[in-house]
Amino acid sequence: MMAGSSDKGSATDPSSPLDDGSAPFFTIGQVAQILGLQPAALRRLDEQDIVSPSRSDGGQRRYSRDEVERLREVVELTESGITLPGVREVLALRQRVSDLEDELDELRGRGHDVED
DNA sequence: TTTCTCACA
DNA sequence: TGTGAGCA
């Protein structure tokens, strides 16, 4: 049998920061390439508070995997004809729905009667 | 070289 | 929204 303790160094750790979607960072140029946008477009999104990437050495933007996924939703909405302020409203509404759903689930779990 | 901010069209 | 100038 194979001694299962030879390989598996540290490439598939389910609890590694490399798996935390929020650990890996991309430069604005990489994100622009992935989303097919111009670096200036990513800056507009940051200026309009649609996405808030972290900053690293020198104050350069650092986009995490989660930020890139959010950017992808934003570009889809903008390409649908929605303006940036409109996208911001959609994102806010989506978050509001998730928050209310969580609250609703909590009320149900406590045995409370949820009236519509 | 890349990214930054600021400004203009 | 895209591009340019000047800087770190």
Side-chain angles (χ1 to χ4, degrees):
Chain A
M1 18 214 14
M2 306 197 306
S5 47
S6 289
D7 53 3
K8 268 192 167 306
S10 45
T12 39
D13 254 306
S15 295
S16 185
L18 298 172
D19 248 35
D20 262 338
S22 299
F25 292 104
F26 299 90
T27 62
I28 191 170
Q30 268 283 31
V31 179
Q33 187 100 66
I34 293 167
L35 301 175
L37 303 172
Q38 307 293 87
L42 283 319
R43 295 193 191 103
R44 309 286 154 147
L45 268 25
D46 178 24
E47 290 174 0
Q48 307 216 17
D49 267 47
I50 294 169
V51 289
S52 305
S54 302
R55 299 265 182 154
S56 211
D57 173 66
Q60 298 185 180
R61 293 178 176 79
R62 279 296 188 273
Y63 292 86
S64 67
R65 198 215 258 150
D66 189 58
E67 298 290 349
V68 177
E69 291 184 57
R70 187 176 303 260
L71 256 349
R72 207 178 285 213
E73 293 182 76
V74 174
V75 296
E76 286 187 70
L77 292 169
T78 50
E79 290 181 338
S80 296
I82 302 175
T83 58
L84 293 179
V87 172
R88 194 153 129 217
E89 294 287 291
V90 174
L91 263 36
L93 259 24
R94 285 162 69 95
Q95 190 169 322
R96 174 79 88 92
V97 171
S98 282
D99 194 57
L100 290 173
E101 287 181 327
D102 185 67
E103 194 175 324
L104 191 62
D105 185 65
E106 201 174 301
L107 288 170
R108 283 174 170 156
R110 293 169 72 169
H112 270 89
D113 225 329
V114 182
E115 296 173 29
D116 49 73

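Throughout, protein chains are lettered first and strands after them, A, B, ... in sequence-line order, and every chain is numbered starting at 1. Note: hydrogens, waters and symmetry copies are ignored here, and every other heavy atom, side chains too, is used. Only a predicted model underlies this, so the values are computations on that prediction, with no experimental measurement involved.
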Between P of B:dT3 and CD1 of A:Ile28, the distance in whole Å: 7 Å

In whole angstrom, what separates A:Gln33's CD from B:dT2's C1'? 13 Å

Under-4.0 Å side-chain N/O to phosphate OP1/OP2 contact, A:Arg61 with B:dT5: yes

Calculate the interatomic distance between A:Glu47 atom CD and C:dT1 atom P; express it in whole Å. 11 Å

Hey, is the main chain of A:Val75 close enough, under 3.5 Å, to the side chain of A:Thr78 for a donor-acceptor pair? yes

Tell me, yes or no, whether the heavy-atom count around A:Arg55 atom CZ, taken from other residues, nucleotides or ligands under 6.0 Å, exceeds 12. yes

A:Arg62, CZ atom: more than 12 neighbouring heavy atoms under 6.0 Å: yes

Spacing of CD belonging to A:Gln30 relative to CG belonging to A:Leu35, to within rounding of 0.5 Å: 10.5 Å

Taken to the nearest 0.5 Å, the spacing of A:Leu100 CG from A:Asp105 CG works out to 12.5 Å

Please write out the pairs of protein N or O atoms and N or O atoms of nucleotides 5-8 of chain C separated by less than 3.5 Å, giving the distance to one decimal.
none

Mind calculating the distance between CD (A:Glu79) and C1' (C:dT1) to the nearest angstrom? 14 Å

Here the distance between atom C1' of B:dT3 and atom CZ of A:Arg43, to the nearest Å, is 6 Å

Any base atoms under 4.0 Å from A:Gly29, or only sugar-phosphate, or nothing? Heavy atoms, all strands. sugar-phosphate

Just wondering, are more than 12 heavy atoms of other shown residues or ligands nearer than 6.0 Å to CD in A:Gln33? no

What is the distance, rounded to the nearest whole Å, between atom CG of A:Asp57 and atom P of B:dT3? 14 Å

Got a second to check how far A:Leu91's CG is from A:Asp49's CG, nearest 0.5 Å? 11.5 Å

Between the CG atom in A:Leu107 and the CG atom in A:Asp102, the distance rounded to the nearest 0.5 Å is 9.5 Å

Nearest 0.5 Å, what's the CZ-OG1 distance between A:Arg61 and A:Thr27? 12.0 Å

Rounding to an integer number of Å, can you tell me how far A:Arg44 CZ sits from C:dT3 P? 11 Å

Duplex segments of DNA chain B, taken as runs of at least three Watson-Crick or G-U pairs that stay under 3.5 Å: B:4-9 with C:1-6

How many whole angstroms separate atom CD1 of A:Ile82 from atom P of C:dT1? 13 Å

What's A:Arg55 touching, base or sugar-phosphate or nothing? Going by heavy atoms closer than 4.0 Å. sugar-phosphate

Using a 4.0 Å heavy-atom cut-off across all strands, classify A:Leu84 as base, sugar-phosphate, or nothing. sugar-phosphate

